[in-house]
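As the structure lists them, so they are numbered: ligands from 1, and atoms in each ligand from 1.
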Amino acid sequence: MPDAIARIAVSSVPYWVDRPYDYRVPDALIAGCVPGVRVHVPFSSGNRRREGIVLALRDRSDCEPEKLKEVTEVLDSQPVLTQQQIQLALFMRERFFCTVYDAVRSMLPVGLWFDRDGHRRVQDRTVEIIRLLVSGEEASDMAAAMRKKTPAQARLLAELSPYGEMPLRELLLFTGCARTTANKIVESGIAEVISREVFRIPSFTAGERRPMPVLNDEQQLAFDGLDELSCRNKASVALLEGITGSGKTSVYIRLIDSVLRRGKSAVLLVPEIALTPQMLQTFSSYFGDDIAVLHSSLSPGERYDEWKRLKSGRAHVAIGTRSAVFAPVENLGVLIIDEEQEDTYRSENTPRYDAKDVAKFRCYKSGCLLVLGSATPDVESRYFAETGKYSRFVLRKRFNEMELPEVTVVDLKQELRAGNDGSISSFLRGELQTNIDRGEQSILFLNRRGAHKLVTCGECGYIYKCPKCSVSLTYHSVNRRLICHYCGYTRRVDDACPDCGGILKYVGAGTQLVEEELHRLFPDSGVIRMDADVLSASMTHEQVFERFRTENIPIMIGTQMVTKGLNFENVTLVGVLSADQSLYSGDFRAAEKTFSLITQVIGRSGRGRKAGRAVIQTFTPTNEVIRQAAKQDYESFYQSEIRIRALQESPPFTDLISITASGPVEHLVVEACRFIRKRLSGLLSSGKKTELLGPTPLAVVRVNNLFRYRVMVKCSADATIRSAVSGVITECSTDKRFRGISFYADNDPEF
Ligand code: ADP
Ligand code: ZN
């Protein structure tokens with residue numbers, strides 16, 4: 001008989017030793033050791049116990065049979081991954097330069113993870129149900145007959161008989177009977193006690209069931225086209241380009257409905273900030289408990305149970321943020337990514353995956369449609385739609401036929417000349433006052449939390465910097481401390497400059513300062529602030545938004561958390577306090593991000609029946625991106641941006657892969673990067689059009705006492721190049737000279 005060999009991906013191994021390992025499956029474990037279950041195996045020379053997942057079974061190994069170790073334990077009774085998910089994990093290793101097990105973990109809810117002792121963090125929740133084994137009438141007759149001799153049992157049976165079954169705990173509570181009474185009934189064969197799985201379902205107020213939205217002509221056209229694509233059962237990608245308020249959500253709802261009718265399932269991804277109870281309520285009013293939510297703010301128990309409802313086919317629509325792209329639905333019919341240009345779809349921790357790439361893989365394997373929706377599509381997506389790689393559908397009108405907000409650009413240089421160095425220009429101040437007078441609401445956006453960007457000495461120029469990172473510290477007025485936004489280091493401020501004793505100046509306003517300024521300008525009006533500091537202090541997202549809405553608070557000031565997906569009927573004014581902030585970061589996506597951000601913020605205004613206005617404050621009012629954003633003219637923005645990308649040879653005309661080295665000794669990190677560059681230029685010299693850049697320091701070179709440098713490969717990334725990059729990382733990681741330095745690769749990195 002041939003051996004039973006399992007190919008296994010092992011946990012907690014560094015990237016450079018990660019590969020499938022062969023293990024022999026002992027006879028006793030053969031039945032349960034199938035692809036997709038997790039196991040314990042001995043690993044490395046010490047034979048330490050490791051968790052692993054079975055990728056495949058085979059009857060022969062390339063290793064010598066005597067050298068094979070044995071699987072010691074099977075941990076799951078059912079596979080936790082499907083065949084397709086196993087393939088996905090292998091794809092992720094190649095694409096995102098992570099280990100297979102890192103990929104596997106990101107697919108499984110935390111509640112399903114094992115700790116080091118092999119215990120699960122979250123248990124299945126079950127309730128005991130008592131169920132009649134005779135008919136209700138028989139039970140009720142028996143109850144009558146038993147009344148004299150065993151009154152307690154009679155009461156219990158009488159209560160149970162009309163229902164046939166009920167949770168045992170409730171029955172005992174209602175009747176005041178003891179558990180032993182129930183046991184007696186069970187012993188006599190009249191009823192049985194079974195345990196039934198129950199689900200912790202996240203609470204959001206389910207709206208009343210509504211009929212499907214009736215689409216307007218434009219929406220109908222887009223829906224028809226998308227639905228036709230989705231009915232083909234072939235892999236395809238479509239871009240749904242619709243201005244803010246055009247009703248992309250209604251198109252998604254109809255599309256999901258159509259897919260469900262064909263017996264398939266759907267996944268909808270939304271950016272972190274857009275997943276509000278309001279939105280879930282909308283979806284549940286159409287699809288009831290056929291939806292399951294996957295979101296990081298659920299408890300591990302809830303998240304695990306929602307995952308199970310999807311996996312078991314009790315729910316067919318997964319809605320969630322980035323990681324919901326792994327939702328374990330079978331028979332995928334459509335996958336939708338809303339606001340597809342958002343950064344939040346890219347993970348910045350291991351595994352550094354891009355949900356869009358994962359989505360493409362899933363749709364390709366499932367032969368289904370991927371819909372990318374946006375008001376300001378990613379320049380690459382739009383380019384692919386232009387060149388025919390994706391289909392394209394456009395919504396040009398706002399659903400309520402409202403005009404887009406009227407936008408005014410304010411020149412902050414003139415404002416300074418006029419002696420106003422606050423954050424609110426006199427024009428914006430007037431507009432805010434108008435709104436207060438009308439009882440309408442305003443949203444102000446500033447992408448900097450804290451009170452001041454930095455504290456500096458007016459005399460010697462001393463700046464408070466983080467001792468562990470190469471950034472200045474931000475002043476927070478709430479607790480009067482300086483904080484590093486990279487590593488969390490904090491300290492108090494001195495009364496005078498610690499170097500020369502000069503007077504300290506507070507420079508660059510953050511949201512806290514603006515809040516104070518607003519209180520001074522409008523002493524009788526309420527202001528609410530929305531940023532990471534408010535959230536970490538006490539309130540949740542929803543609470544802040546709910547207060548803003550129900551208490552009709554006149555002004556909300558916030559960071560990018562206030563820019564997207566929100567739908568407040570009474571908001572008729574938005575202000576962008578500093579439009580220049582993200583424009584000069586040096587990232588090849590800087591223009592795109594700025595355009596998208598400004599357009600999104602403006603889109604929050606005038607979503608109800610009243611017309612909206614917007615004010616953009618900038619030091620560079622003639623900058624083309626700002627002018628295009630003010631006109632909300634995606635088309636001309638795209639046309640000029642794509643020309644620049646072509647000239648720069650940046651994506652979509654090429655791919656970028658970076659290898660980053662980070663370590664405590666700066667010159668060694670640089671040396672490692674030089675080595676990487678040299679190796680790559682040797683490996684890639686085969687006539688392909690590639691360009692190597694660097695070593696260059698990251699925008700913030702030192703974080704938490706680690707120096708960070710990178711080498712960039714500009715090329716059309718194919719399997720050869722990826723494997724060269726992977727090989728170089730392996731080589732560096734095992735090179736004694738570079739001990740203490742860690743390496744990772746990333747696709748299309750931020751600058
Ligand atoms: P987008 O996501 O494109 O910015 P939304 O989907 O939020 O726009 O739609 C904007 C507003 O128009 C919402 O209040 C929505 O309820 C309404 N709306 C859009 N389409 C329809 C429709 N077909 N029927 C009824 N209301 C709609
Ligand atoms: Zn720091």
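For atom 21 (C) of ligand 1, the candidate residues are Ser246, Gly245, Ser250; the nearest heavy-atom contact is made by Ser250. Remark: among candidates Asn216, Val251, Ile253, Thr249, the nearest residue to atom 2 (O) of ligand 1 is Thr249, based on non-hydrogen atoms.
Considering backbone and side-chain atoms alike, Pro213 places every N or O at 3.5 Å or more from each N or O of ligand 1. Where the criterion is an N or O separation shorter than 3.5 Å, residue side chain and backbone included, Phe399 fails it with respect to ligand 1.
A side-chain donor-acceptor contact under 3.5 Å links Ser285 to the backbone of Thr282. Looking only at distances, no side-chain donor or acceptor of Arg398 sits under 3.5 Å from a matching main-chain atom of Ile243. Gln441 places a side-chain N or O within donor-acceptor distance of the main-chain N or O of Ile553, the cut-off being under 3.5 Å.
Other residues, nucleotides and ligands contribute over 12 non-hydrogen atoms within 6.0 Å of the OH atom of Tyr506. Other residues, nucleotides and ligands place no more than 12 heavy atoms under 6.0 Å from the CG atom of Asp289. Within 6.0 Å of CD in Glu635 there are more than 12 heavy atoms belonging to other residues, nucleotides or ligands.
Tested against Asp378, the residues Lys593, Lys356, Arg589 include a single salt bridge (Lys or Arg N to Asp or Glu O under 4.0 Å) partner, Lys356.
Every heavy atom of Gly242 sits 4.0 Å or more from the atoms of ligand 1.
For the atom pair CG of Asn435 and OG of Ser605, the computed distance is 8.0 Å after rounding to the nearest 0.5 Å. To the nearest 0.5 angstrom, Leu226 atom CG is 11.0 Å from Cys231 atom SG.
When rounded to 10 degrees, the angle formed at the Zn ion (ligand 2) by SG (Cys484) and SG (Cys487) equals 110°.
Electrostatic pairing of Glu218 and Arg396 does not count as a salt bridge here, judged by no charged N lying under 4.0 Å from a carboxylate O.
Distance screen at 4.0 Å: atom 8 (O) of ligand 1 has a protein heavy-atom neighbour inside the cut-off. Remark: atom 11 (C) of ligand 1 lies closer than 4.0 Å to no protein heavy atom. Distance check on atom 15 (C) of ligand 1: every protein heavy atom falls at or beyond the 4.0 Å cut-off.
Near Gly247, meaning under 4.0 Å from any of its heavy atoms, are these atoms of ligand 1: 1 (P), 3 (O), 5 (P), 6 (O), 8 (O), 9 (O), 19 (C), 20 (N). Close contacts between ligand 1 and Arg607 involve ligand atoms 4 (O), 7 (O), 8 (O) [criterion: under 4.0 Å to a heavy atom]. Of all the atoms in ligand 1, the ones that sit under 4.0 Å from a non-hydrogen atom of Thr244 are 4 (O).
At a cut-off of 2.8 Å, His485 is not counted among the residues with an N, O or S atom near the Zn ion (ligand 2).
For atom 23 (N) of ligand 1, the closest non-hydrogen atom of the protein is Val214 O, 2.8 Å. Residue, atom and distance of the protein heavy atom nearest to atom 13 (C) of ligand 1 are Asn567 ND2, 3.8 Å.
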